[in-house]
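Report on the following structure.
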There are 2 protein chains.
Amino acid sequence: MPGPSQTMRPMVVTMGDPAGIGPEIIAAAFCARADAIGGRIVVAGDAVVLHAAAQVVARSKGVAVPVFEMLGSLAEWRPVAGRLAYVQACSPVPGVVSGQVSAEAGKAAAECIEWAAKAALTGTARAVVTAPIHKEALAAAGVEHPGHTEYLQALAAAHSGVVVERIPVRMMLSCPGLSTVLVSIHVSLRDALNAVTTDQVLQTLRIAAAHFQRCGVPQARFAVAGLNPHAGEGGLFGREEIEIIAPAIAAARCEGINASGPHAPDTVFMRARQGEFDVVIAMYHDQGLIPVKLLGLDHGVNTTLGLPFVRTSPDHGTAFDLAGTGRASPSSLLAAIDAAWDMSAQA
Amino acid sequence: MPGPSQTMRPMVVTMGDPAGIGPEIIAAAFCARADAIGGRIVVAGDAVVLHAAAQVVARSKGVAVPVFEMLGSLAEWRPVAGRLAYVQACSPVPGVVSGQVSAEAGKAAAECIEWAAKAALTGTARAVVTAPIHKEALAAAGVEHPGHTEYLQALAAAHSGVVVERIPVRMMLSCPGLSTVLVSIHVSLRDALNAVTTDQVLQTLRIAAAHFQRCGVPQARFAVAGLNPHAGEGGLFGREEIEIIAPAIAAARCEGINASGPHAPDTVFMRARQGEFDVVIAMYHDQGLIPVKLLGLDHGVNTTLGLPFVRTSPDHGTAFDLAGTGRASPSSLLAAIDAAWDMSAQA
């Protein structure tokens, strides 16, 4: 059960790249479920961008424009339904054009991320939900991190005064009925093969198990996928299952982690979805993301495991082609907000 | 439209390993749709095994035992609904025990495959549908081929008096709404990476395009998946898309093949399923099989492309644990029979 201090803290939702659909899906999420959203979150963003997005969404959907409440700090927040609280978390960005990459937009997005991370790291935010950012805009603003995961990892490490390697993180992708945690993410498949080591697989299991423990699922059933077709078929199509993955599973089991496998990759996701496992540990990006994206439709959620706070995001990008139309669906963001709320209930 | 000679030729369905579920799913398919099955196929099998399987299925389902008709050759066949025609295509196997690997069972399965292939290669069979075989039983019988695909390829090459390399084949997996053709199949992921060459990708596109042309879909839309996450993100996570895959696509387009890509692997299957593409060319086994198995449920069909005849099979194995119970589902076999019938309509 959530403690009293927990229920009094809001989650922070970053606006993402102001030229993308982030501000609009936040407004749309509020329009769809004003009570739940208003009672849980504070947006880290820019006043002008957020108001403009709200106008676009209200016009597109034919609904009333959300009522905003600007806060000076999270301490001012009270869980009042029906209002969309926000903080001015970045320098104003008056010149942003929807759908266009710009350093200004990237800088604003980065400032909001830093604001949100600080709030979570200092304990004033219950959790962080991030709207999509644009890699090129971020790079144009001089931010070297390729995505939220690496950025938040670096911020957490800096906050604790340790090197990033001391805060190992993993990406989890979830959709209704299927969750997968990835051993590696944004590297070539060739490099991903080399990242499949006993240490990395075991660390992935430990990080995932610690997360589910904190979420109140101490005996979550982890299915570890093989790397090769049919999980190598007894060494016939590759020996990584025998030499690398099985030893990691055995070590995890010795630590009390309910892990099984290595399982044939082409059926393990189907089996998990049918209820045999709670989570699939995927050996590389596409092994896990192909099934989740296929099933996820509008409800995929990305969670970073291993950070000292709960962080989720919708499972889509900035969709520059849709930005400014008010038509982007808030479904995945709503799922990300719900997931972060549930995961942080026991934190 | 099928020509008159085509409609007078039956398809041959091999019984598969007699200790597996093959004979039972054939009987169950007939019980489920006697008219369609009886009017289209001749089973290549063993009389005692088939009759025993029919008894088990009839008892399990509480239905009448199928009426069998033994033929001396395919020339005797007439498309009469309501009877299950078969030929004694192998030496009798009186001692087979359900669910047990044996050289006798493997030998019988191999003889049925050879009988069916010969019928198709000489033009007396319209197409071949294979029930599942067991690799260990086949090996115990001294058959060196790891599966149907390689076995049929070798038989076709021998029939034409050429080396197997002259009859390049590819596996296609299909389920309602999604078809994928694989560049490589039963090799380690590391070897699969090395098999992604411009020649191999182009050959895959050519074989797939020729198949769809023969099936009456000359302008099938082929989506070529990338190899790396996000299709390499412009070279950031691997350069195979730029140096290997894109040139193959360009060459295929010059030959009139409607190919696009390389597309991000984690969304291309979703896009195909939503109707944007007809077929996804997958760079390795699990890239294609994970989505098809996830969606296929009971209706996956495996097709071998590149052979001089149409060959399909259900997308599952011998299921030794179910063999002898009469409970195995004939859904995938029925889908394979329907697919082979449709594909061979214009052959």
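Sequence lines set the chain letters: A, B, ... in the order given, protein chains first and strands last, and positions in each chain run from 1.
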Are A/Ile245 and A/Met283 side-chain neighbours, meaning at least one heavy-atom pair lies under 4.5 Å?
-> yes

Side-chain donor-acceptor pair present, A/Gln287, B/Asp286, cut-off under 3.5 Å = no

Please confirm whether A/His263 and A/Phe277 have ring centers closer than 6.0 angstrom.
-> yes

Heavy-atom contact with chain B under 4.5 Å, split by part of A/His186 = both

Hey, which of A/Gly288, A/Pro291, A/Gly238, A/Ala264 has the most heavy atom pairs under 4.5 Å with chain B?
-> A/Pro291

Leading residue by heavy atom contact count with chain B [cutoff under 4.5 Å; candidates A/Pro265, A/Ala192, A/Pro146] | A/Pro265

Looking only at B/Lys135, B/Arg239, B/Arg271, the option with the highest number of non-hydrogen pairs under 4.5 Å against chain A is B/Lys135

Just by modelled atom types, is the A/Ser179 backbone N or O under 3.5 Å from a matching donor or acceptor in the A/Ser174 side chain?
-> no

